Amino acid sequence: MTEAAKSNKAPRTAITPTREENFPEWYQNVIKAAEMAENAPVRGCMVIRPYGYAVWENIQKHLDAMIKAEGVDNAYFPLLIPLSFIAKEAKHIDGFAKECAVVTHHRLEANDAGDLVPAGELTEPMIIRPTSETIIGDVYSRWVQSYRDLPLKINQWANVMRWEMRPRIFLRTSEFLWQEGHNVFETHDQAEADARRMIDVYREFYEDYMAVPGYIGAKTPDERFPGAIETYTIEAFMQDGKALQGCTSHNLGQTFSNSADIKFLDRDGTLKHAWTTSWGLSSRTVGALIMVHADDDGMVMPPKLAPHQVAILPIVRDDADTDKILAFCDELQKQLAAKGVTARTDKTEARSSDKMWTAIKKGVPVRVEVGAREIAEGKLTFTRRDLGKDGKKTATVGEFLSSIGGVLDQMQKDMLDRAREKMKAMVTDVASLKEMRDFFAGEKIGGVRIDYKLIQDSEEFEAIKKDFSVTPRCLPFDDEGQKVIVAKAY
RNA sequence: CGGAGCGUAGCGCAGUCCGGUAGCGCGCCUGUUUUGGGAGCAGGAUGUCGGGGGUUCGAAUCCCUCCGCUCCGACCA
């Protein structure tokens with residue numbers, strides 16, 4: 001490149017600021033540029049736009065199938081929970097009381113000034129579910145009578161509300177979407193195995209669909225879900241070095257069967273309290289998808305979750321060719337559909353360069369350019385989003401159609417591989433609390449892995465937590481509970 | 001709830017210190033030439049200056065008061 005060209009071509013990114021310059025702002029701008037979501041009039045709530053919701057729908061579609069394959073049925077439990085229900089379980093209420101939205105009235109009336117004011121105070125206030133253990137426990141106490149009723153495995157897709165002090169779109173909103181599974185077993189061991197099984201289902205989902213790897217393990221006691229005897233988690237690392245709890249699976253022991261009185265008559269004729277689990281994955285995973293894969297030009301969608309996998313971009317120079325090109329695009333889209341590949345043709349009147357940037361910012365895995373040249377030569381030009389413009393390739397229509405499946409699979413795999421490399425680089429092994437302090441005081445981003453023993457009952461570790469706002473993220477299964485990962489977290 | 005910023009056109013901002021009747025860029029609309037990694041030209045539309053109150057002949061600007069948003073912390077998926 002000549003000097004002149006260099007000076008004219010300031011490296012321009014589709015998203016400003018870049019990740020390097022200001023990660024939180026970059027994150028919000030990626031979402032805006034890809035038209036995935038926006039903030040709602042109510043603080044902490046979001047409007048999930050069609051393109052963002054399509055990602056969630058794909059998450060639902062695939063995860064739901066995986067959950068059902070575990071012998072779980074879907075059901076739906078109500079949004080409103082009697083206040084008395086959540087008050088039943090002391091640990092649980094300690095964990096959630098501060099974030100509960102409370103419904104106290106059921107009617108609006110106009111006052112003298114003409115303003116609508118709440119009237120009709122409820123005799124018993126209700127809370128909007130922050131999670132559904134208590135109400136599902138109440139229902140289960142009637143459904144479960146005999147060991148023959150077990151195991152009971154039910155999942156619901158729902159919205160929940162936790163009044164957040166500091167909301168961030170997708171990552172922490174007051175209202176969010178999720179699935180919550182609630183299983184009941186005869187024994188501790190069955191519940192424990194189930195909690196472990198479900199975190200493994202999530203791991204598979206995270207790796208195979210989201211192309212997001214993570215550190216999988218147990219939460220330390222103080223980081224557990226309120227009421228759980230074990231909480232398992234996937235801790236993924238974002239590009240800024242912070243960890244994100246990607247989902248959780250809890251062994252709830254007999255906590256909720258005690259408070260909700262879920263009992264079954266066992267084979268030996270005695271009444272026993274059941275053992276329960278719960279496990280959830282929320283719309284924050286969309287945020288993880290962005291913070292792991294997106295770059296300074298915007299979103300990069302893993303092919304398996306992309307709203308559409310191929311963007312067909314008609315390159316129209318001359319009105320005379322328009323109809324022919326569009327017809328060609330329609331045919332191409334149909335043939336892709338026949339191959340199980342979702343494609344969308346950009347039929348807007350935008351200039352071709354703008355069509356490209358739109359597809360780039362939305363992170364569409366593969367862009368295909370179709371112009372007069374392609375039609376004349378019977379060849380297509382296509383580009384993988386994650387490889388940049390240097391990844392441009394040409395192929396005949398036939399070659400393209402027969403290879404597109406493989407191209408998408410390869411991209412999915414490459415995204416996971418790259419994410420895994422980044423993840424490994426995010427965690428540094430340290431041998432002492434001194435080294436941990438030095439690490440967090442230094443420039444390097446990410447977290448540390450250290451012997452678990454060293455942080456237990458340690459005043460210095462409490463000080464480090466405070467000084468650098470880091471927390472124990474998990475005790476990875478790979479280290480058999482001997483090591484703990486400590487990092488800043490979302 | 002603490003700390004720091006900010007609220008002016010759809011978006012991003014200037015104007016505020018020092019009061020004088022609303023501006024820039026992008027986007028949008030029309031036309032035209034363009035179109036393969038962010039087009040050029042010519043026209044055009046768009047504002048309760050966050051809300052309320054006060055000072056003043058006159059307030060985006062000064063004073064009081066409320067509200068909201070963003071970032072950093074505490075809480076958390």
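The shown structure was predicted, so the numbers you read here are calculated from the model rather than taken from an experiment.
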- prompt: B:C24 and B:A9: how far apart are their C1' atoms, nearest whole angstrom?
  reply: 12 Å
- prompt: B:C49 and B:G53: how far apart are their P atoms, nearest whole angstrom?
  reply: 13 Å
- prompt: Looking only at atom types and distance, does a side-chain atom of A:Tyr490 sit under 3.5 Å from a main-chain N or O of A:Gly287, one as donor and one as acceptor?
  reply: no
message: Rounding to an integer number of angstrom, what distance separates B:U70 and B:U56 when you compare their C1' atoms?
response: 35 Å
query: With no angle test and no hydrogens, is the base of B:G36 tied to the side chain of A:Arg367 by a donor-acceptor pair under 3.5 Å?
result: no
message: What is the separation between atom CZ on A:Arg224 and atom C1' on B:C76, rounded to the nearest whole Å?
response: 17 Å
task: Kindly point out which of B:C69, B:G36, B:G38 is positioned nearest to the side chain of A:Arg373?
output: B:G36
statement: Within residues 228-253 of chain A, the residues having a heavy atom closer than 4.0 Å to RNA chain B are A:Gln245
query: Between B:C75 and B:G54, how far is it from one P atom to the other, in whole Å?
result: 45 Å
message: Rounded to whole Å, please give me the gap between CG in A:Leu313 and P in B:U35.
response: 17 Å
Spacing of the P atoms in B:U16 and B:G20 (rounded, Å): 9 Å
task: Kindly write out the residues that satisfy side chain to side chain donor-acceptor pair (under 3.5 Å) with A:Thr471, not counting sequence neighbours, or none if the list is empty.
output: A:Arg473
query: Taking everything shown except A:Trp163 itself, do over 12 heavy atoms lie less than 6.0 Å from its CH2?
result: no
message: Expressed as a whole number of angstroms, how long is the span from A:Lys488:NZ to B:C76:P?
response: 18 Å
- request: Sticking with atom P, work out how far B:U61 lies from B:U65, rounded to a whole angstrom.
  value: 16 Å
Pairs under 3.5 angstrom only: tabulate donor-acceptor contacts from the side chains of residues 322-330 of chain A to other protein residues two or more places apart or in another chain.
| from | atom 1 | to | atom 2 | distance (Å) |
| --- | --- | --- | --- | --- |
| A:Thr322 | OG1 | A:Asp319 | O | 3.0 |
| A:Asp330 | OD1 | A:Lys347 | NZ | 2.8 |
| A:Asp330 | OD2 | A:Lys347 | NZ | 3.4 |

query: Roughly, in whole Å, what's the span from CG in A:Asp346 to P in B:G36?
result: 14 Å
statement: Under a 4.0 Å heavy-atom cutoff, the residues of residues 153-179 of chain A touching RNA chain B are A:Arg162, A:Glu164, A:Met165, A:Arg166, A:Arg168, A:Leu171, A:Arg172, A:Thr173, A:Phe176
- prompt: Any side-chain N or O of A:Arg43 under 4.0 Å from OP1/OP2 of B:U70?
  reply: yes
statement: When rounded to whole Å, the CD to C1' distance for the pair A:Glu374 and B:G36 reads 8 Å
task: Run the salt-bridge test on A:Arg203 and A:Asp208 with the 4.0 Å N-O cut-off and return the result as yes or no.
output: no
field: d(CH2, A:Trp357; P, B:G38) in whole Å
entry: 8 Å
query: Is a side-chain donor or acceptor of A:Arg224 paired with a backbone partner of A:Ile229 at a separation under 3.5 angstrom?
result: yes
Pairs where residues 42-68 of chain A contributes a residue and the test side-chain hydrogen bond (donor to acceptor under 3.5 Å, both in side chains) is met, not counting sequence neighbours: A:Asp64-A:Lys68, A:Asp64-A:Asn74, A:Asp64-A:Trp157
field: Base B:G37 paired with A:Glu369 side chain (donor-acceptor, <3.5 Å)
entry: no
task: Would you indicate which nucleotide in B:C76, B:C72, B:G36 comes nearest to any side-chain atom of A:Glu99?
output: B:C76
query: Quick one: are the ring centres of A:Tyr232 and A:Phe477 less than 6.0 Å apart?
result: yes
Please write out the pairs of protein N or O atoms and N or O atoms of nucleotides 2-12 of chain B separated by less than 3.5 Å, giving the distance to one decimal.
none

message: With heavy-atom distances below 4.5 Å as the criterion, would you say the side chains of A:Ile15 and A:Asp295 are in contact?
response: no
- prompt: How about A:Arg168: does its CZ atom have over 12 heavy atoms from other parts shown lying under 6.0 Å from it?
  reply: yes
query: Expressed as a whole number of Å, how far does the C1' atom of B:U32 sit from that of B:G37?
result: 25 Å
A:Val470 or A:Glu223, whichever maps to the more 5' nucleotide of RNA chain B: A:Val470
Length of the CZ-P vector between A:Phe23 and B:U70, whole Å: 18 Å
message: For the C1' atoms, the ones on B:G7 and on B:G51, what distance do you get once it is rounded to whole angstrom?
response: 12 Å
query: Taking atom NZ of A:Lys422 as the centre, does the number of heavy atoms from other residues, nucleotides or ligands within less than 6.0 Å exceed 12?
result: yes
message: For a side chain to side chain donor-acceptor pair (under 3.5 Å) check, start with the C-alpha distance between A:Ser278 and A:Glu133, then their side-chain angles and the critical distance, and finish with the verdict.
response: CA-CA 8 Å; A:Ser278 71; A:Glu133 274 76 8; 2.7 Å; yes
message: I'd like to know if the side chain of A:Gln239 and the backbone of A:Val292 have a donor-acceptor N/O pair within less than 3.5 Å.
response: yes
Length of the line joining A:Glu349:CD and B:C28:C1', which is rounded to integer Å: 14 Å
message: Judged by each residue's nearest nucleotide on RNA chain B, which is more toward the 5′ side, A:Glu25 or A:Ala372?
response: A:Ala372
